[in-house]
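These figures come from a predicted structure and were not determined experimentally.
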Amino acid sequence: MGANIARTDQHARTLTTHATALEHQADSPLTPQPLAARLRHRVHRLRDIADQHHRDRTTQEATS
(Lines give C-alpha, C1' and ligand atoms only; values in the text may rest on other atoms or scores of the structure.)
Protein backbone atom coordinates (compact mmCIF):
# COMPACT_ATOMS: atom_id res chain seq x y z
CA MET A 1 0.00 0.00 0.00
CA GLY A 2 2.94 2.38 0.59
CA ALA A 3 3.75 2.59 -3.13
CA ASN A 4 0.26 3.81 -4.00
CA ILE A 5 0.36 6.43 -1.24
CA ALA A 6 3.78 7.71 -2.38
CA ARG A 7 2.65 7.87 -6.00
CA THR A 8 -0.49 9.78 -5.10
CA ASP A 9 1.49 12.24 -2.94
CA GLN A 10 3.87 12.76 -5.87
CA HIS A 11 0.93 13.47 -8.17
CA ALA A 12 -0.34 16.12 -5.74
CA ARG A 13 3.11 17.75 -5.67
CA THR A 14 3.20 17.69 -9.48
CA LEU A 15 -0.21 19.39 -9.63
CA THR A 16 1.02 22.13 -7.30
CA THR A 17 4.19 22.64 -9.34
CA HIS A 18 2.18 22.81 -12.57
CA ALA A 19 -0.25 25.28 -10.98
CA THR A 20 2.65 27.54 -10.02
CA ALA A 21 4.00 27.48 -13.58
CA LEU A 22 0.57 28.34 -14.99
CA GLU A 23 0.21 31.15 -12.45
CA HIS A 24 3.49 32.69 -13.62
CA GLN A 25 2.29 32.47 -17.22
CA ALA A 26 -1.05 34.08 -16.29
CA ASP A 27 0.76 36.92 -14.50
CA SER A 28 2.92 37.72 -17.51
CA PRO A 29 2.12 41.06 -19.15
CA LEU A 30 2.48 39.25 -22.49
CA THR A 31 -0.45 36.90 -21.79
CA PRO A 32 -3.75 38.12 -23.27
CA GLN A 33 -6.39 38.77 -20.58
CA PRO A 34 -8.86 36.07 -21.72
CA LEU A 35 -6.10 33.45 -21.64
CA ALA A 36 -4.82 34.71 -18.27
CA ALA A 37 -8.34 34.31 -16.83
CA ARG A 38 -8.55 30.72 -18.09
CA LEU A 39 -5.10 29.97 -16.72
CA ARG A 40 -6.03 31.37 -13.29
CA HIS A 41 -9.18 29.26 -13.28
CA ARG A 42 -7.06 26.18 -14.04
CA VAL A 43 -4.58 27.16 -11.29
CA HIS A 44 -7.40 27.26 -8.73
CA ARG A 45 -8.74 23.90 -9.88
CA LEU A 46 -5.34 22.19 -9.73
CA ARG A 47 -4.66 23.58 -6.26
CA ASP A 48 -8.11 22.48 -5.10
CA ILE A 49 -7.38 18.93 -6.27
CA ALA A 50 -4.00 18.89 -4.51
CA ASP A 51 -5.47 20.39 -1.32
CA GLN A 52 -8.27 17.83 -1.29
CA HIS A 53 -5.70 15.05 -1.63
CA HIS A 54 -3.76 16.37 1.35
CA ARG A 55 -6.94 16.65 3.45
CA ASP A 56 -8.29 13.20 2.54
CA ARG A 57 -5.16 11.13 2.08
CA THR A 58 -4.44 7.97 4.01
CA THR A 59 -0.97 7.62 5.49
CA GLN A 60 0.84 4.40 6.30
CA GLU A 61 0.66 5.25 10.01
CA ALA A 62 -3.13 5.53 9.78
CA THR A 63 -3.43 2.13 8.07
CA SER A 64 -1.07 0.24 10.42
Open item on the list: Within the supplied structure, the quantity of interest is the number of heavy atoms (other residues, nucleotides, ligands) at a distance under 6.0 Å from His41 NE2; does it exceed 12?
Closed with: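 At most 12 heavy atoms, drawn from other residues, nucleotides or ligands, come within 6.0 Å of this atom.
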Open item on the list: Closer than 4.0 angstrom, basic N to acidic O: yes or no for Arg47 and Glu23?
Closed with: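 Salt bridge present between Arg47 and Glu23.
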Open item on the list: Please report the interatomic distance CG(Leu35) to CZ(Arg42), rounded to the nearest 0.5 Å.
Closed with: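 The CG atom of Leu35 sits 13.5 Å away from the CZ atom of Arg42.
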Task: Spatial distance of atom CG (Asp51) from atom CZ (Arg55) [nearest 0.5 Å] - done: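 The distance works out to 6.0 Å.
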Task: Derivation of the side chain to side chain donor-acceptor pair (under 3.5 Å) call for Gln10 and Arg13 - done: CA-CA 5 Å; Gln10 180 59 44; Arg13 283 190 294 273; 3.1 Å; yes
Task: Derivation and outcome, side chain to side chain donor-acceptor pair (under 3.5 Å), residues Asp9 and His53 - done: CA-CA 8 Å; Asp9 287 347; His53 164 74; 2.6 Å; yes
Task: Non-hydrogen side-chain atoms of His11 and Leu15 separated by less than 4.5 Å - done: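 Result no, sub-4.5 Å side-chain heavy-atom pair not found.
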Open item on the list: Using side-chain heavy atoms (C-beta onward) and a distance below 4.5 Å, is Leu46 in contact with Leu22?
Closed with: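 Result yes, sub-4.5 Å side-chain heavy-atom pair found.
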Task: Distance-minimising heavy-atom pair for Ala12 and Ala50 - done: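 Heavy atoms of Ala12 and Ala50 come nearest at O-CB, 3.8 Å.
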Open item on the list: Please give me the minimum heavy-atom distance between Ala36 and Ala26, naming the atom from each residue.
Closed with: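 It is CB-O, 3.5 Å.
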Open item on the list: Taking Gln25's backbone N and O only, do any of them form a donor-acceptor pair with Thr31's side chain (distance below 3.5 Å, no angle check)?
Closed with: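 Such a contact is found between Thr31 side chain and Gln25 backbone.
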Open item on the list: Looking at Ser28 and His24, would you say the former's side chain and the latter's main chain have a donor-acceptor pair under 3.5 Å?
Closed with: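 It does not hold such a pair.
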